[in-house]
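Letters A, B, ... mirror the listed sequences (proteins, then strands); counts begin at 1.
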Amino acid sequence: MPEAIPPHKRALTDTTNNIRGDARKGFGSTQPQKSQFEEEVLEKLTQDIGDLKGNNAEKDQQWERPPLGDFDPTKENICFQQIDAEEGRFGADKMAVRLFGVTELGQSVMLHVTGFQHYLYIAAPVGFTKEDCGPYRAFLETKLAQMVPVIQSVEVTLRENLYGFQGNQKSWYLKITVTDPKFIARLRSALETGSGSMNYKGLWSNSDSGILTFDSIQYLLRFMIDTGLHGMSWVEAKAGKFRLLSDHERQSNCQVEAIMDYRDMIAHAPNGEWAKMAPLRILSFDIECAGRQGIFPEPNVDPVIQIANVVTRYGESKPFIRNVFCLDTCSLIVNTQILEFEKEERMLMAWRDFLEKVDPDVIIGYNIANFDFPYLLDRAKHLKCTQFPYWTRVRNCRTEAKEASFSSKQMGNRETKATNTNGRIQLDLLQLVQRDHQLRSYTLNSVSYEFLGEQKEDVHHTMITELFNGTPDSRRRLAVYCLKDAYLPQRLMDKLMCLVNYTEMARVTGVPFNYLLSRGQQVKFISQLFRKALEQQLVIPNSKSQDEQDYEGATVIEPKRGYYGVPIATLDFASLYPSIIQAHNLCYTTLLNKNSVEKLGLKKDEDYIVTPNGDMFCTAKVRKGLLSQILEELLGARKRAKKELASETDPFKKAVLNGRQLALKISANSVYGLTGATVGKLPCLPIASSTTSYGRQMIEKTKAEVEARYTIANGYSHDAQVIYGDTDSVMVKFGVTELEDAMKLGEEAADYVSSKFIKPIKLEFEKVYFPYLLINKKRYAGLYWTNTKKHDKMDTKGIETVRRDNCLLVQNVIETVLNKILIDRDIDGAQE
DNA sequence: CCTAATGCCTAG
DNA sequence: TGAGCTAGGCATTAGG
Ligand SMILES: Nc1ccn([C@H]2C[C@H](O)[C@@H](COP(=O)(O)OP(=O)(O)OP(=O)(O)O)O2)c(=O)n1
């Protein structure tokens with residue numbers, strides 16, 4: 001940034017004495033108009049950020065990555081943690097994947113992986129033998145080549161349809177390989193719309209009905225699935241197997257850029273030594289704009305006046321760069337590089353150069369996706385800074401903000417903007433917190449308060465312009481806040497362990513990191529399902545839209561409403577739906593219909609089961625379902641997270657681990673959910689409705705077993721009564737008055753009922769409520785006990801206190817009333 | 001004044 | 001592969 005140097009140097013030399021003089025106090029003592037609070041903020045910030053060595057921020061802040069040093073591609077391997085991936089051609093080769101990553105020593109890598117061809121399948125006509133397929137193959141090759149001029153080959157192979165068990169009978173499929181993945185969609189639609197010319201020997205009398213295709217999936221995912229690459233895992237290119245690109249061949253700004261064939265690429269499973277993380281460089285930034293009175297800043301009018309940046313290496317607690325790019329002059333901030341600019345254009349360009357030098361792997365911030373990124377881009381466009389929007393790792397690849405939207409039943413419609421930074425991961429803490437945490441407010445201020453226990457004391461937006469138009473010191477004040485806003489996302493990310501948790505999810509489900517924020521549950525499931533299907537040579541049909549059809553869900557036991565002054569034990573099935581799917585081997589691949597049962601001569605209860613819903617599935621003895629294998633992996637990861645949770649003592653870390661455990665639980669439950677998603681791509685209502693029907697049967701049976709066993713007639717002190725239950729839980733009043741007795745009985749009852757079910761179904765004794773206030777279905781409160789000494793917490797479900805559609809007063813009133821009732825046991829007092 | 005449909009949010 | 005699922009409470013509103 002040569003343009004920036006003069007003002008910047010001036011600022012530093014002018015005020016060096018101040019830095020040396022009393023860094024801690026900064027300017028506070030000599031600037032009476034500055035608030036006490038601001039100095040506190042600064043002091044805290046300085047503590048948080050820590051000291052750089054010495055005081056000369058300019059000299060000590062090394063922007064560039066460590067140099068690569070000598071590298072001998074004939075002797076040394078390239079080994080990196082993959083962080084981003086994209087489809088991209090290389091030279092004449094239309095099919096290549098670009099993998100971006102970071103080595104253990106922190107160097108950036110881009111690897112072109114070539115030679116992998118995209119494909120899809122179609123089924124040969126029913127009854128075709130291999131001999132019949134020969135001429136059909138030739139026919140297809142010519143016909144398809146006319147429609148889609150990228151057919152590489154048509155190959156006849158034995159495969160099996162994912163849906164339905166047909167006695168392990170494989171049948172003939174044609175694998176159509178293309179030379180350019182961009183055409184796969186066109187190929188698919190050519191086949192599926194079934195233009196008349198595709199009609200082979202009049203086999204399809206109805207020329208409207210097209211040919212069903214199988215295994216159609218995006219090229220990048222296909223590549224990752226077939227090569228066994230999971231998102232955020234380690235990739236190795238052995239010496240001699242890759243070629244380093246010469247300068248003129250390079251497409252990226254990465255320190256290492258190489259090319260290799262996909263067959264030589266090693267994708268390490270993310271376990272053992274490959275569970276490590278690379279020292280990713282993380283840039284956290286924030287911008288301030290000078291808006292006008294009462295108007296939200298508009299990029300065509302309102303300038304960007306400051307950009308604060310904080311750069312940290314993953315695994316280190318303190319940032320190694322922090323700076324503020326300022327329009328106009330700005331007094332110094334302790335241990336912070338201030339870069340001053342007279343012209344906004346220069347500032348923007350200098351920031352872009354900074355970005356390129358720092359070469360961050362991860363860019364984070366608060367609402368950067370919908371504000372900072374688009375604003376910077378629009379502003380630069382307005383100022384005609386044509387060289388500005390290049391933030392990617394791919395040379396000549398412009399950064400643009402695109403409209404994107406996400407809509408689903410559960411999340412509703414969400415409009416967002418997507419800005420490409422190819423090769424760098426983005427993590428918008430706002431999006432992340434909105435996704436993972438239910439809060440009343442999502443301002444940076446309240447989120448920081450929630451997780452970091454800190455108010456940020458906003459500079460009111462009307463003040464921004466005023467401060468900017470003031471003196472170097474008022475602009476410094478603004479810069480301090482801007483810096484703080486840049487640093488908070490970094491601290492939130494550390495505190496919430498976002499990178500670790502999301503990395504685990506990417507590794508378990510196999511999808512690229514950025515999918516976790518931009519996509520839903522379906523893609524994760526599909527990634528896992530395709531991997532399993534590939535192992536077993538199963539092909540997955542591209543289901544046409546099914547008619548929307550609802551199915552019955554879970555039972556909620558009619559509550560015996562009231563206030564209970566005796567301990568109420570809660571028994572809960574662990575991961576109910578996933579365990580049902582596992583226990584009964586429910587899967588696409590085990591689904592049977594009457595025909596196949598007859599044809600294969602299967603014996604009921606031995607070879608297959610009939611679910612309470614009337615659907616039929618073969619037993620694990622005949623064939624083990626894919627779903628139960630997928631669930632094993634998800635639940636295994638969840639179990640490990642829960643184990644860590646149990647041994648962790650820090651309460652905040654516990655909460656974070658709990659969040660991780662919950663995310664894995666939702667992914668497991670979504671396996672069930674997707675089978676019931678008729679708008680999705682892999683619906684299978686027999687699985688979904690059988691799962692819920694088993695669930696309904698199980699909660700009934702649990703209730704009956706408990707009430708039948710714990711009776712006076714059987715020598716217990718009271719007749720037990722199930723007063724409530726929802727989906728997978730029962731609340732039992734054993735009648736005993738002592739916590740200890742209730743816990744003992746609960747423990748015993750859980751084991752007793754578990755023994756009546758198939759593995760891995762397990763009923764667990766989880767907690768005792770004492771006392772317990774049961775208001776209605778899905779509405780109750782109680783003191784939550786897991787030990788006899790002290791209650792863990794007051795637990796409130798569904799009541800106004802936990803709902804966000806109420807005013808705070810109502811919540812506080814209800815909260816105090818509940819406190820009175822439950823803790824003080826003062827029912828009369830609560831009535832007032 | 002009553003009921004049914006709808007929206008929102010939560011339980012599981 | 002665009003998008004996990006159902007049950008259910010409670011406030012509001014449309015319609016008679
Ligand atoms: N987001 C959710 C939560 C639950 N369920 C369904 C499937 C679960 O198996 C069942 C019971 O839900 P719980 O909340 O009790 O959770 P689990 O039983 O799955 O897990 P835990 O082991 O924590 O009890 O409800 C679901 O489909 N989606």
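Judged by atom type and distance alone, A:S408 does not reach the base of C:dG4 through any side-chain donor-acceptor pair under 3.5 Å.
Looking at heavy-atom distances under 4.0 Å, A:V679 makes contact with a base.
Counting only heavy atoms from C-beta outward, the side chains of A:S446 and A:L439 never approach each other to under 4.5 Å.
B:dG12 and C:dG4 have their P atoms separated by 23 Å, with the value rounded to a whole Å.
When each of A:Y772, A:W785, A:Y784 is checked for a ring pair (Phe, Tyr, Trp, His ring centres under 6.0 Å) with A:H791, only A:W785 meets the rule. Only one option out of A:N420, A:T419, A:D428 pairs with A:F373 in a side chain to side chain contact (heavy atoms under 4.5 Å, CB included); it is A:T419.
Judged by the 6.0 Å distance and 45° axis criteria, A:R435 is positioned over the aromatic ring of A:F406.
The aromatic rings of A:Y502 and A:F513 are tilted relative to each other, their planes meeting at an angle between 30° and 60°.
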Protein-nucleic acid N or O pairs under 3.5 Å, nucleotides 2-5 of chain B:
none

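Proximity note for A:Q522 (side chain, C-beta onward) versus C:dA3, B:dG12, C:dT6: the nearest is C:dA3.
The side chain of A:N669 contributes no N or O atom lying less than 4.0 Å from OP1 or OP2 of B:dG12.
In this structure, A:F757 CZ and A:Q697 CD are separated by 8.0 Å, a value rounded to the nearest 0.5 Å.
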